[in-house]
Amino acid sequence: MEFAALFALTLLIGMLIILVAVAVGKQKGEISEQLEQNEEDSVAERNAVKAPTAKKQKQQQRPRKEKAQQHTFSHPLLASSLKSHSGNVTSLDFSSNGKYLATCADDRTVRIWSTKEFLDRDHKCLRANLELDHATLVRFSPDSRAFITWLANGDTIRIFKMTKKDDGSFTFKAAPEDFPKKHKANVINIGIAETGKYIMSASTDTNILIWDLKGEVLASIITNQMTNSYAAISPCGRFVASCGFTPDVKVWEVCFGKGGDFKEVSRAFDLKGHSAGVHSFAFSNDSRRMATVSKDGTWRLWDTDVEYKKQQDPYLLKSVPCQSSEGSRVALSPDARVVAISNGCSVAMYSTSTGQLEEEFHGVHSEEITELRFDINSRYLVCSGDRAVRVFHNAPGYRAAIQDMQAMLKNAQNEGMKQRLQQQIQEAQSTLDTMLTAPKD
């Protein structure tokens, strides 16, 4: 009995030991599986963290996009490029004394350049700031001591006075008040008469306003051209002209009394002959010649030195085929020897005596040309379209002047006259040779 009881106890203890061993082994297996699962999860988490980090690093390593480079242009007749503006140049104008060029841009500045520095390597300028606005148009006053601007957001005229300092620079001070808002459509041009008696502003809705210098409206002109594409004051200050959808240019005389009081605006004459709308026009310095460019694919030169009060019409002097487009501008040199036409981003120069194409400049700007003008001495042609202002030598003008003087020399009877003409021809030829061989930047 004792043996049987001992055997049973031993068997029971053995079974308990086996059960414990089995339980411990099973638990170890579960723990091992859990550890393996945790390790796998940990690896997955590390990989998940590394993936976006690597992606982020890859993104950071991507090369930065380069800033758009300023449009480059070169030509043997390019005298200089004025590049201080940080925005697109919208307008420009020469002072009547020929010393300064004013430019305005959408960078909220007007800049004044010295024309005598056009051929220098570095081009300094003076800056006038327009607070909370920018100018789309700028025009000098007749005395070159002030300029007017058209404000893009304000839709009005603002006058700036220029005060010369001891060091030769200027300070700029805006008038206390801007002109009242009167136009209901986009303004395409402004100007001050050379007489200093009035200011003109013109909008696309066929409306032209004549102002006094204090901002009072003297007269309103309705052009009846459906839309105005351009308008300007003649250099003599007597006339205001406009062109647009209709195939003619209309010219009015702004009349003042002997005491300087405003009287009226009366119709003077029309330039008729184009077969389609006129893009733009320009006057010679003495207002005796006008040039026009039309949608009909021609530019024309007119003799406007007529007795219009006796119903005498202007004479057509030249009609020449040309390339033009919406927004094309025409410039007539002050001496009326050269016509320049803009077409998109390009410019063509023609002789007014022969009608021949003298020079072509392609891709002058990266955007459409906004303004095209000769300086008062017919030495340069300037244009704007992007952030730069291009200044060209007026080589066609010098060639035309030499030809005219050579013709005069053949007919000269006086020995003194012959010597003067010969000297002037030599000087003009020397200047022409210099501009053609001058080193470019």
Side-chain angles (χ1 to χ4, degrees), residues 68-95 98-105 111-125 282 322-324 327-335 337-351 356-402 428-441:
Q69 294 183 352
Q70 188 165 350
H71 179 69
T72 58
F73 171 82
S74 63
H75 192 276
L77 291 182
L78 182 65
S80 60
S81 295
L82 311 179
K83 299 181 179 180
S84 288
H85 280 291
S86 61
N88 285 349
V89 179
T90 54
S91 181
L92 54 83
D93 190 41
F94 282 101
S95 60
K99 293 182 178 180
Y100 308 110
L101 172 70
T103 59
C104 65
R111 295 176 186 263
I112 307 297
W113 313 78
S114 172
T115 57
K116 70 179 182 181
E117 296 177 355
F118 277 175
L119 301 183
D120 293 349
R121 191 174 186 83
D122 297 322
H123 307 105
K124 298 178 181 179
C125 63
C322 69
Q323 296 292 323
S324 68
S328 283
R329 290 289 177 258
V330 58
L332 180 60
S333 63
D335 57 15
R337 288 189 171 109
V338 182
V339 162
I341 307 287
S342 72
N343 177 32
C345 303
S346 302
V347 177
M349 300 179 75
Y350 297 84
S351 165
Q356 293 297 313
L357 176 64
E358 294 282 333
E359 299 288 348
E360 281 187 289
F361 312 122
H362 296 289
V364 178
H365 294 282
S366 60
E367 299 184 33
E368 182 178 295
I369 291 172
T370 55
E371 196 96 58
L372 186 68
R373 285 179 180 261
F374 286 93
D375 76 306
I376 193 67
N377 299 310
S378 298
R379 295 176 60 196
Y380 302 108
L381 173 70
V382 300
C383 59
S384 59
D386 44 34
R387 288 182 293 167
V389 175
R390 308 294 184 194
V391 182
F392 292 95
H393 291 291
N394 182 18
Y398 279 90
R399 289 195 289 262
I402 292 171
Q429 187 63 54
S430 176
T431 301
L432 181 61
D433 294 341
T434 299
M435 69 175 64
L436 294 176
T437 58
K440 307 300 174 185
D441 293 345

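The figures that follow rest on heavy atoms only: side chains count, while hydrogens, waters and symmetry mates do not. The first residue of the sequence shown is numbered 1, and numbering continues consecutively from there.
- Rounding to the nearest 0.5 Å places CD1 of Ile376 at 9.5 Å from CZ of Phe94.
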Next on the checklist: Show, in sequence, the C-alpha distance, side-chain angles and deciding distance for Arg390 and Ser81, and conclude whether the side-chain hydrogen bond (donor to acceptor under 3.5 Å, both in side chains) test is met.
Outcome noted: CA-CA 5 Å; Arg390 308 294 184 194; Ser81 295; 2.7 Å; yes
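- His393 and Tyr380 have tilted rings, their planes meeting at an angle from 30° to 60° on a 0 to 90° scale.
- Scored by the side-chain contact (heavy atoms from CB on, under 4.5 Å) test, Glu117 finds Ser114, Asp120, Lys124 as partners (sequence neighbours excluded).
- Rounding to the nearest 0.5 Å gives a distance of 12.0 Å between CD of Glu360 and CE of Met349.
- When side chains are defined from C-beta on, Trp113 counts as touching Thr103, because their heavy atoms get closer than 4.5 Å.
- Here CZ of Phe361 is found 7.0 Å from CG of Leu381. Values are rounded to the nearest 0.5 Å.
- Separation of atoms CZ (Arg387) and CD (Glu367) is listed at 10.0 Å; rounding is to 0.5 Å.
- Listed for the Asn394 side chain is a donor-acceptor partner under 3.5 Å among the backbone atoms of Ser378.
- Leu101 has its side chain within reach of Leu82: a pair of non-hydrogen atoms, C-beta onward, lies under 4.5 Å apart.
- Proximity of Phe374 to Leu332: side-chain heavy atoms (C-beta onward) are nowhere separated by under 4.5 Å.
- Of the possible donor and acceptor atoms, one in the side chain of Asp386 sits under 3.5 Å from a partner among the backbone N and O of Ser366.
- When the side-chain contact (heavy atoms from CB on, under 4.5 Å) test is applied to Arg379, the partners found at least two apart in sequence or on another chain are Asp375, Asn377, Tyr398.
- Using a cut-off of 4.0 Å between Lys/Arg side-chain N and Asp/Glu carboxylate O, Arg399 and Glu358 are scored as salt-bridged.
- The backbone N or O of Lys99 lies less than 3.5 Å from a partner atom in the side chain of Thr115, making a donor-acceptor pair.
- A search for side chain to side chain donor-acceptor pair (under 3.5 Å) contacts involving Ser333 returns Asp335, not counting sequence neighbours.
- Using a 4.5 Å heavy-atom threshold, the side chains of Cys383 and Phe392 count as touching.
- Side-chain atoms of Asn343 and Ser328, non-hydrogen and from C-beta on, do get closer than 4.5 Å to each other.
- No donor-acceptor pair under 3.5 Å is formed between the side chain of Ser342 and the backbone N or O of Val347.
- Side-chain contact between Arg373 and Leu92 is present, with heavy atoms from C-beta onward closer than 4.5 Å.
- Side-chain contact, Thr370 with Ser384: a donor N or O sits under 3.5 Å from an acceptor N or O.
- Using modelled atom types, one finds a donor on one side chain and an acceptor on the other under 3.5 Å when comparing Ser91 with Glu371.
- A donor-acceptor pair under 3.5 Å is absent between the side-chain atoms of Arg329 and the main chain of Ile369, judged by distance alone.
- With rounding to the nearest 0.5 Å, the separation of CG in Leu77 from CE in Met435 is 7.5 Å.
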